[in-house]
Trainee: 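After the structure tokens below, expect a handful of questions from me.
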Amino acid sequence: MNYIDNIAFAIILFLGVGFFVKNFQKLIRNIKLGKDINRKDNSSARWKNMAKIALGQSKMVKRPIAGILHIIVYLGFIIINIEVIEIIIDGLFGTHRVLSFLGSFYSFLIGSFEILAFLVLVSVSIFWIRRMVLKIPRFWNKEMKGFPKNDALYILYFEMVLMSLFLIMNATDVPFQQNDIGNPISQFLVPLFEGFNASTLFIVERTAWWLHITGILIFLNYLYYSKHLHILLAFPNTYFANLNPKGQFTNLESVTNEVKMMLDPTIDPFAAQPEGAADEIPEKFGASDVQDLNWVQLLNAYTCTECGRCTAACPANITGKELSPRAIMMKTRDRLEEVGENINKNGKFVDDGKQLLNDYIKPEELWACTSCNACVEECPVNIDPLAIILDMRRYLVMEQSAAPQELNLMMTNVENNGAPWQYNQMDRLNWKDEK
Amino acid sequence: MNVPTMAEMTAQGKQPEILFWVGCAGSFDDRAKKITKAFVKILNKAGVEFAVLGTEESCTGDPAKRAGNEFLFQMQAMTNIEVLNGYEIKKIVTACPHCFNTLKNEYPQLGGNYEVLHHTELIETLLNDGRLSIEGGKYKGQKITFHDPCYLGRANDIYEAPRSLIEKLEAELVEMKRCKSDGLCCGAGGAQMFKEPEKGTKDINVERTEEAIKTKSKIIATGCPFCNTMMTDGVKATNKEDDIKVLDIAELIANTEDL
Ligand code: SF4
Ligand code: SF4
């Protein structure tokens, strides 16, 4: 017997999965560069969110056309991949359609896969048309140039090729077609191969089979570099998403302690510091780089699908401001990748003279945000761009005193008069007697 | 106008049913003061025993927090909480969604636990409990559109209370294309109210006002003093100020009752 095929298959499989696992470990390491935040409470609400939003895609269908097409592609993707189980067994042990002993159930399965594959092909083509012919504006914002634009297209082409290969593989499988069951789509492709003799057909079938499985492994490894990580990360991302009302911003605990000290007359600010306290590095307020963000924010960055629903709803972006919440997420991911590469190279992070603030995200973007939460509401995978914007504003204001002049004025007023304008607190009830 | 302060009430040994948190805009801004007064008239009409803090009230710290100044926010919060807890306040109503959100969501962790209502919620309850009734048909059949304040709607999922009040006026509520959870911001939030907008091609309030105008309503209703300012400016910018009025829900109710 000839084992070369099986050995080649095992090697390809091993490499494909191995590389993926390695990259995924890097990804987890990068996410863990973020600060700790407790998102383990209320697990039942979290599971529910995950089931509804990631699995059930409840937020996708808010835009019904894109939503339904996406569900088809997603279901197709998951269900057709059940077929991969058979492919792997066949590949490793040299069997052919090992699961066909399931009889009519097998035919039913393959038949459904074929129909799904066809629907996926149609949906993906419509996606392509929406992007490239109808040019839906949110796919053409300025952050969608170069790789982000191509990334989206590569994936569409990938899907088209994989689905076609699956159907060709079935169409050229002579015994399978002779059985004439479970081939609702591929039977229509058979005429294309008319006139091929048995051995050519066999070669076409084998080639399609090999390309199909190699394609899947390449796709798996492409994920790490792509916005398509969301097919995996949407699940943890929706699980760990914020459960509080959207208007509730975190209260910084480090600030609470200091404010309590300031307001407490019994504490002597000049008292000797307790042993060791002087050596402690005071905590940095807000975020100027990715390590200052928490790990959920970093997970958010990797999960972003670059769909631009957030940006399309953002009042600042709609009115031509520099801010785009999608760009906030993409820049955070780019910087995180850069930091990760730095660690890969040096063993630990070595200062590269860059940071998320200024080198990636400009203050002008941050100051354009109205904190309206439209981006958070729109995001189909519960990403929170606003949380990053706020943390970076905190750094600008509390570490650098770099707020816009008018805001400094407002804050001085709050501090001195208890109101954002220059009115005296003692006049607060004057309205009562005014006409 | 009958507006007792907490200090006066306490001196008489009384505790009000609810504290009315007026807010900075409601206390100082000329346009917002009208909303404050309209709401007080409603409270008085319904016989609600309320009080205000008066000169003991101070900014909740919302604009400072959204600008990124957590220090200033927490200083304000803790000072206010001390006053509120000193008076043993349990229940607060406010006509400002920003105060509402901050008091409701951000004070508890700092030691301030209160039941907080937006004025549209309280008015709805007063109507449902029969303490208040709407008889005047001033707005009957008129088209009114409602602009959702971000800090009431998306931030706290309150969409129905203001709408139910518009329906009680027997007016015709016409929704804008972007409404409820998809509502477009007026442009004031996140401390934008206190600064010039960043460089762009259009002002947010104009974009939003144009959308409101498309509903052909002569009244743009809202439930936030800052949205009110923004939309009023937007109406002016589109030269429609003779045509279209921007009114708070409390003003609509007070007007229809001729209060
Ligand atoms: S919260 Fe900020 S970034 Fe998000 S949609 Fe509103 S203005 Fe845009
Ligand atoms: S943050 Fe969410 S809505 Fe915005 S582009 Fe990413 S996935 Fe889409």
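Computed from a prediction, not measured in an experiment: that's the story for all the values here. The figures here come from the full heavy-atom set of this structure, side chains too, leaving out hydrogens, waters and symmetry mates. Chain letters run A, B, ... following the sequence lines, proteins first and then strands; every chain starts at 1.
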Trainee: Below 4.5 Å from any heavy atom of chain A, which atoms of Thr5(B) appear? Answer side chain, backbone, both or neither.
Mentor: side chain

Trainee: Checking Arg208(B) against chain A: side chain, backbone, both or neither under 4.5 Å from a heavy atom?
Mentor: neither

Trainee: Below 4.5 Å from any heavy atom of chain A, which atoms of Glu70(B) appear? Answer side chain, backbone, both or neither.
Mentor: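 Contact with chain A involves both backbone and side-chain atoms of Glu70(B).
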
Trainee: Indicate the atoms forming the closest heavy-atom contact of Lys195(B) with Trp367(A), along with that distance.
Mentor: NZ-O, 3.0 Å

Trainee: Counting distance only, does the side-chain N/O of Arg154(B) pair as donor-acceptor with the main-chain N or O of Lys246(A) below 3.5 Å?
Mentor: no

Trainee: Would a line drawn from the ring center of Phe194(B) to the ring center of Trp421(A) be shorter than 6.0 Å?
Mentor: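 Distance test on ring centres: under 6.0 Å, yes.
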
Trainee: Does any non-hydrogen side-chain atom of Asp203(B) lie less than 4.5 Å from one of Thr319(A)?
Mentor: no

Trainee: Does any backbone or side-chain atom of Phe226(B) lie under 4.5 Å from a heavy atom of chain A? Answer side chain, backbone, both or neither.
Mentor: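 Looking at Phe226(B), just its side chain touches chain A.
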
Trainee: Shortest non-hydrogen contact from Leu184(B) to Ala313(A)?
Mentor: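 Here Leu184(B) and Ala313(A) meet closest at CD1-O, 4.2 Å.
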
Trainee: Looking only at heavy atoms, which two atoms of Gln192(B) and Cys369(A) are closest? And how far apart?
Mentor: NE2-O, 2.8 Å

Trainee: Would you confirm whether Glu406(A), through its side chain, and Glu196(B), through its main-chain N or O, come within 3.5 Å as a donor-acceptor pair?
Mentor: yes

Trainee: Do you know which two heavy atoms are closest between Gly418(A) and Ser58(B), and how far apart they sit?
Mentor: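 The pair with the smallest heavy-atom distance is CA-OG, 3.2 Å.
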
Trainee: Give, as side chain, backbone, both or neither, the part of Val206(B) having an atom under 4.5 angstrom from any heavy atom of chain A.
Mentor: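 Answer is neither: Val206(B) stays 4.5 Å or more from chain A.
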
Trainee: About how many Å separate CD of Glu198(B) and CD of Glu365(A), when rounded to the nearest 0.5 Å?
Mentor: 10.0 Å

Trainee: Quick check on Val52(B) against chain A: is it the side chain, the backbone, both or neither that has a heavy atom closer than 4.5 Å?
Mentor: side chain

Trainee: Between Trp431(A) and Gly26(B), which heavy-atom pair has the shortest distance, and what is it?
Mentor: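 Heavy-atom minimum between the residues: CD1-O, 4.2 Å.
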
Trainee: Please classify the contact of Lys65(B) with chain A as side chain, backbone, both or neither, using a heavy-atom distance under 4.5 Å.
Mentor: both

Trainee: Which heavy atom of Thr55(B) sits nearest a heavy atom of Arg428(A), and at what distance?
Mentor: CA-CB, 4.3 Å

Trainee: Salt bridge (Lys or Arg N to Asp or Glu O under 4.0 Å) for Glu322(A) and Lys199(B)? Distances and angles first, verdict last.
Mentor: CA-CA 8 Å; Glu322(A) 190 62 28; Lys199(B) 203 163 87 277; 5.7 Å; no

Trainee: For Lys331(A), is the NZ atom crowded, meaning more than 12 foreign heavy atoms sit under 6.0 Å from it?
Mentor: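 Counting neighbours around NZ of Lys331(A), more than 12 heavy atoms of other residues, nucleotides or ligands fall under 6.0 Å, so yes.
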
Trainee: How about Lys202(B): does its NZ atom have over 12 heavy atoms from other parts shown lying under 6.0 Å from it?
Mentor: yes

Trainee: What part of Leu72(B) lies closer than 4.5 angstrom to a heavy atom of chain A: side chain, backbone, both or neither?
Mentor: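 For Leu72(B), side-chain heavy atoms alone lie under 4.5 Å from chain A.
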
Trainee: Above 12 or not: heavy atoms from other molecules or residues under 6.0 Å from CD of Glu253(A)?
Mentor: no

Trainee: Evaluate whether atom CD of Glu82(B) has more than 12 neighbouring non-hydrogen atoms of other residues, nucleotides or ligands under 6.0 angstrom away.
Mentor: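 Not more than 12 within 6.0 Å, no.
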
Trainee: Establish, from distance only, whether the side-chain atoms of Ser27(B) and Tyr423(A) form a donor-acceptor pair under 3.5 Å.
Mentor: no

Trainee: side-chain hydrogen bond (donor to acceptor under 3.5 Å, both in side chains) with Gln109(B): which of Asn251(A), Thr250(A), Thr256(A)?
Mentor: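 Filter result, single survivor: Asn251(A).
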
Trainee: Drop me the distance from Leu252(A)'s CG to Gln74(B)'s CD, to the nearest 0.5 angstrom.
Mentor: 7.0 Å

Trainee: Compute the ring centroids of Phe71(B) and Phe285(A), then answer whether they are less than 6.0 Å apart.
Mentor: yes

